[in-house]
Amino acid sequence: MPASTDTPLLEVRGLSKTFAQRRSLSHIVMSQAPHPLQAVRNVTLTLAPGETLGLVGESGCGKSTLGRCIAGFHEPTEGTVFLRGEKVSGDGYDRQRLSRELQMIFQDPYSSLNPRLTVAQALEEPIRVHGLRRGRGEIADRVDELMSTVGLPPGLKSQLPHAFSGGQRQRISIARALALEPDVIIADEPVSALDVSIQAQILNLFEDLRSRLGLTYLFIAHDLNVVRHISQRIAVMYLGEIVEIADADQLFEDPQHPYTRALLSALPQPDPTRRTEAVSLEGEPPDPSSPPSGCAFNVRCPLAHDACRAQAQELRWRGDHGARCIEAFKRD
């Protein structure tokens, strides 16, 4: 990928994740071993300090698995993750130290919060474990500060998670992530379970925190409009691979990969003069345990030809805009 003039805060090099599958009855009858599931395939990404990189794609494309590999919840099958140039994946790295510097926020805040812990207890626990504050008074003051930071009255800290709305619970999850004062936050579909009006509030909170605290985000979502609202750059993922990556405005104005164009054509467009012709995709995404030969998108691509089926494509670059397509950057 093109060299950056800035030292990346987070760098992912050639990361792949493969899961072994259990043998089904058909495998037993046919005396066959199940194919491993290739959830993530050779992904390389960088995040600059203070940047938000949006990661989009259909359900099952591997974007959440990628986020979990970066955060240390899954061990990559191949590849390496670096934080400030230091390797933070594989054997020998302190996982507790990684959690100080990199936190993850999940889609469903209710399932990620312990229903038996009050908000105060949920926020106090990481502060105590990592020794970030000393004494009951300091910890209590920090809890109140975190509550105020995410827009919740500190007086609610004695409540259990079930007493809050979905949007409030997501604010609590954000506060818990901030408790360790991380530099990088991986947000995995953090607004998809919320009402549209609440989504806007949480997105504005993410932006405000990035500006005030200098946070860096990997923001995972399936809604391109949501991602465009919050991201400086956007990476599009298909069948475990990054198929296009560019500045957010550039991706919307000049998409180079047919899959990206299909996603954009499906977005509601209130201005009839800006509507584009819908791009129809045939069929469903292939089975990750048995990907097609050549370009992973060739079985659904309206532009596919023999070269696409014969050979896998590398990212082609024009400046900082990359697309994994043999036809990329040929239209102009």
Side-chain angles (χ1 to χ4, degrees), residues 10 12 15 17 19 37 39-40 43 45 47 51-74 99 102-114 150-151 161 164-178 182 184-210 215-245 248 251-252 259-260 262-264 266-268 284-285 288:
L10 180 73
V12 180
L15 191 146
K17 180 60 181 177
F19 294 99
L37 190 151
V40 179
V43 168
L45 291 172
L47 275 81
E51 179 187 26
T52 299
L53 173 64
L55 182 62
V56 299
E58 294 171 291
S59 296
C61 72
K63 54 189 186 295
S64 293
T65 300
L66 174 60
R68 289 171 180 265
C69 287
I70 296 172
F73 291 101
H74 295 319
S99 68
L102 190 153
Q103 280 285 297
M104 194 161 183
I105 298 170
F106 299 94
Q107 176 179 357
D108 183 0
Y110 191 69
S111 64
S112 65
L113 294 170
N114 189 328
V150 299
F164 295 90
S165 67
Q168 289 174 322
R169 284 197 288 264
Q170 195 59 286
R171 289 176 186 269
I172 296 168
S173 295
I174 295 170
R176 186 179 60 179
L178 295 177
V184 181
I185 288 181
I186 299 175
D188 186 7
E189 301 273 10
V191 299
S192 62
L194 306 177
D195 292 339
V196 174
S197 60
I198 306 301
Q199 284 185 11
Q201 295 176 21
I202 299 300
L203 290 173
N204 289 335
L205 174 61
F206 273 111
E207 271 293 274
D208 178 61
L209 293 174
R210 186 180 71 87
L215 294 171
T216 300
Y217 296 128
L218 176 62
F219 195 93
I220 301 170
H222 63 270
D223 188 329
L224 271 164
N225 278 329
V226 166
V227 170
R228 186 182 193 183
H229 177 80
I230 197 171
S231 304
Q232 285 76 56
R233 289 189 300 141
I234 297 174
V236 181
M237 198 167 187
Y238 182 82
L239 206 65
E241 295 180 320
I242 300 299
V243 296
E244 187 159 5
I245 183 168
L251 187 91
F252 270 72
Y259 178 62
T260 307
L263 293 179
L264 292 175
L267 293 176
E284 297 294 326

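No experiment lies behind these values; they were computed from the predicted model shown.
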When every non-hydrogen atom of G67 is compared with those of I220, the smallest separation belongs to CA-CD1, 4.1 Å
Among T65, L37, V43, L66, which residue satisfies the side chain to side chain contact (heavy atoms under 4.5 Å, CB included) criterion with K17? T65
Under the side chain to side chain contact (heavy atoms under 4.5 Å, CB included) test against V150, which residue among I172, I202, L178 passes? L178
For the atom pair CG (L215) and CD1 (I185), what is the distance rounded to the nearest 0.5 Å? 5.0 Å
Less than 4.5 Å apart, any side-chain heavy atom of I242 and any of L55? yes
Between S165 and R169, is any pair of side-chain heavy atoms under 4.5 Å apart? no
Given side chains that start at C-beta, do those of L218 and V184 come closer than 4.5 Å, heavy atoms only? no
With sequence neighbours left out, the residues meeting ring pair (Phe, Tyr, Trp, His ring centres under 6.0 Å) with F19 are H74
Between G167 and L194, what is the shortest heavy-atom contact and its length? N-CD2, 3.8 Å
Measure the OG-CD distance between S231 and E207 for me, rounded to the nearest 0.5 Å. 8.5 Å
Please check this pair: side chain of Q170 against backbone of P109, looking for a donor-acceptor N/O pair closer than 3.5 Å. no
Rounding to 0.5 Å, atoms NE2 (H229) and OG1 (T52) come to a distance of 10.5 Å
Applying side chain to side chain donor-acceptor pair (under 3.5 Å), name anything that partners D208, two or more places apart in sequence or on another chain. R212
Can you tell me how far apart CD1 (I234) and CZ (F219) are? Round to the nearest 0.5 Å. 11.0 Å
Can you check whether L209 reaches L205 side chain to side chain, under 4.5 Å on heavy atoms? yes
For Y238, which residues count as a ring pair (Phe, Tyr, Trp, His ring centres under 6.0 Å) partner, sequence neighbours excluded? Y259, F297
Non-neighbouring partners of S192 that pass side chain to side chain contact (heavy atoms under 4.5 Å, CB included), sequence neighbours left out: Q107, E189, H222
With respect to L45, which candidate in L53, L15, L10 satisfies the side chain to side chain contact (heavy atoms under 4.5 Å, CB included) definition? L53
Say you draw a straight line from CZ of R228 to CG of L251; how long is it, rounded to the nearest 0.5 Å? 9.0 Å
Check whether E241 reaches the backbone of M237 with its side chain - one donor and one acceptor, N or O, closer than 3.5 Å. no
Partners meeting side chain to side chain donor-acceptor pair (under 3.5 Å) with T216 (sequence neighbours left out): none
Under 3.5 Å, is there a donor-acceptor pair between the side chain of Y217 and the main chain of I230? no
Residues passing the ring pair (Phe, Tyr, Trp, His ring centres under 6.0 Å) test with F106, sequence neighbours excluded, are F73
Starting at CD1 of I105, measure out to CZ of R176 and round the result to the nearest 0.5 Å. 9.0 Å
Evaluate the side chain to side chain contact (heavy atoms under 4.5 Å, CB included) criterion for residues R233 and I245: first the C-alpha distance (whole Å), next the side-chain angles of each, then the deciding distance (0.1 Å), finally the verdict. CA-CA 7 Å; R233 289 189 300 141; I245 183 168; 3.5 Å; yes
Side-chain donor/acceptor of Q232 to backbone N/O of E51, under 3.5 Å: no
